[in-house]
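When a ligand or atom number is given, it counts from 1 through the structure's own listing order.
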Amino acid sequence: MHTDTGEIGYGEAPPTGAITGDTTGAIIGAITDHIRKALVGRDIDDFEDLTTALDGAVVKNSSAKAAVDMALWDLYGQKYQIPVYKLLGGARKKIITDITISVNSPEEMARDAVNAIKRGYDTLKVKVGVDPTLDVARLKAIRDAVGSAPRIRIDANQAWAPKEAVRLLNEMQESGLAIELVEQPVKAHDLEGLTYVTERSYVPVLADESVFSAEDALKIVEMRAADLINIKLMKCGGLTSALKIAALAEISGMECMIGCMLEAKVSVNAAVHLACAKKVITRVDLDGPVLCSEDPIDGGAVFNEKEITVSDAPGLGIKGIRGLTYLDV
Ligand SMILES: [Mg+2]
C-alpha cells in the first residue's frame, strides 16, 4: 500500500483455499474490486474509520482483509515512528515457536522429532488424525525417541468424531504421552461436539478452524467449548480483529496460541508483532518462514530456528521485497 508521502505498507495473503476458501484470484479481486475503493484517497490518521471501511468493503475474504489490515498498521506505525508491537502493548521482544512434525510412519516421525530437538526446538506440534488407529503408536514412537522433556502438542485438523476424540485423548494421557494440548479434534462447525470433548478430555482443547472471527471466539467463550483459542491472521482478517479475540480470551481467562498458514515472512512478521505485544498469547506456532526455501524479504522479525526476535523499526519493519512485481489491475 503506497502513500502520497512515499511510505509503503506491506501485507501478505497466502491463498489457503482448503481452510479459508480464499484463492489467489479471489484475494486479488477482493482487494482491487472492493477494498481499494473503500480506502484509496483517505488519511492514515482516520485509522478506526479505515479498519471499519476495510471490514465492511466485502464479506468474508479474511485473507485479503488480513493483508490490507497489516499494511494499514504498518503505515500507522511508520507515521508515528513506533514499532507495531509496542503500539499494541509491547510485552516482550522475543518469542519461542514450536515446529510441525508431519504425518508419516511412526519411525519417520520419531526421526523428524529427534532432528527437531537437535536443532534446538523444545516444543513439537505433531499432526494426527489421518489414520486414528495409528495415532497413539506414532505419538508413542515420538515420545520414546525424544524423552519426557520436550512439549508435544497435537493437531487433529477436525479428523475425529467427538466420542472417538475423548477415547483417543484419554488413552494417550493414560499411556503417559503427556500431550500438552489438542488442536481442533472435531469438525469446525460442531461446537456441541467440541464442548463434549473439552468437558471430558484430560488433554486441553484448542479451537482452531472453529474460530475465524471475533464473533466465533465469543461463541466459544460463551459455550466454554474449548480451553484455548488459536489466532491466525488469515482466519480473522488481520491484527484489528485478532486484538478483539485476544481481549475476549483475556477477559474470560483463556490463553491463546498464534498460528499461521503456509505463509512467508511478511504476514508471519505481523503475527510476531501481535504475539510480542500480548501476554495472553502464551503459545506460538509460527514455523512458516523456516519452512520456506528462499527469503526475498528484507527487514522484519529475525527467525532463528525456535527463537523469533521482533524488529524495533517503525511499523512492521519490512524494508522491501526483492523481485516484487506489480499487477496491472
Ligand atoms: Mg490447526
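- For E183, the N, O or S atom with the smallest separation from the Mg ion (ligand 1) is OE1.
- With respect to D98, the side-chain hydrogen bond (donor to acceptor under 3.5 Å, both in side chains) criterion is satisfied by exactly one of R153, R151, K306: R153.
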Worked check of side chain to side chain contact (heavy atoms under 4.5 Å, CB included) between R322 and E294: CA-CA 11 Å; R322 276 162 277 132; E294 48 188 279; over 6 Å; no
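- Among heteroatoms of the N, O or S kind in D155, OD2 lies nearest the Mg ion (ligand 1).
- R224 has no carboxylate O lying under 4.0 Å from a charged side-chain N of E199, or vice versa, which leaves the two without a salt bridge.
- Ring planes of F47 and Y76: parallel class, angle under 30° (limits at 30 and 60°).
- Considering just the N/O/S atoms of D208, the one nearest the Mg ion (ligand 1) carries the name OD2.
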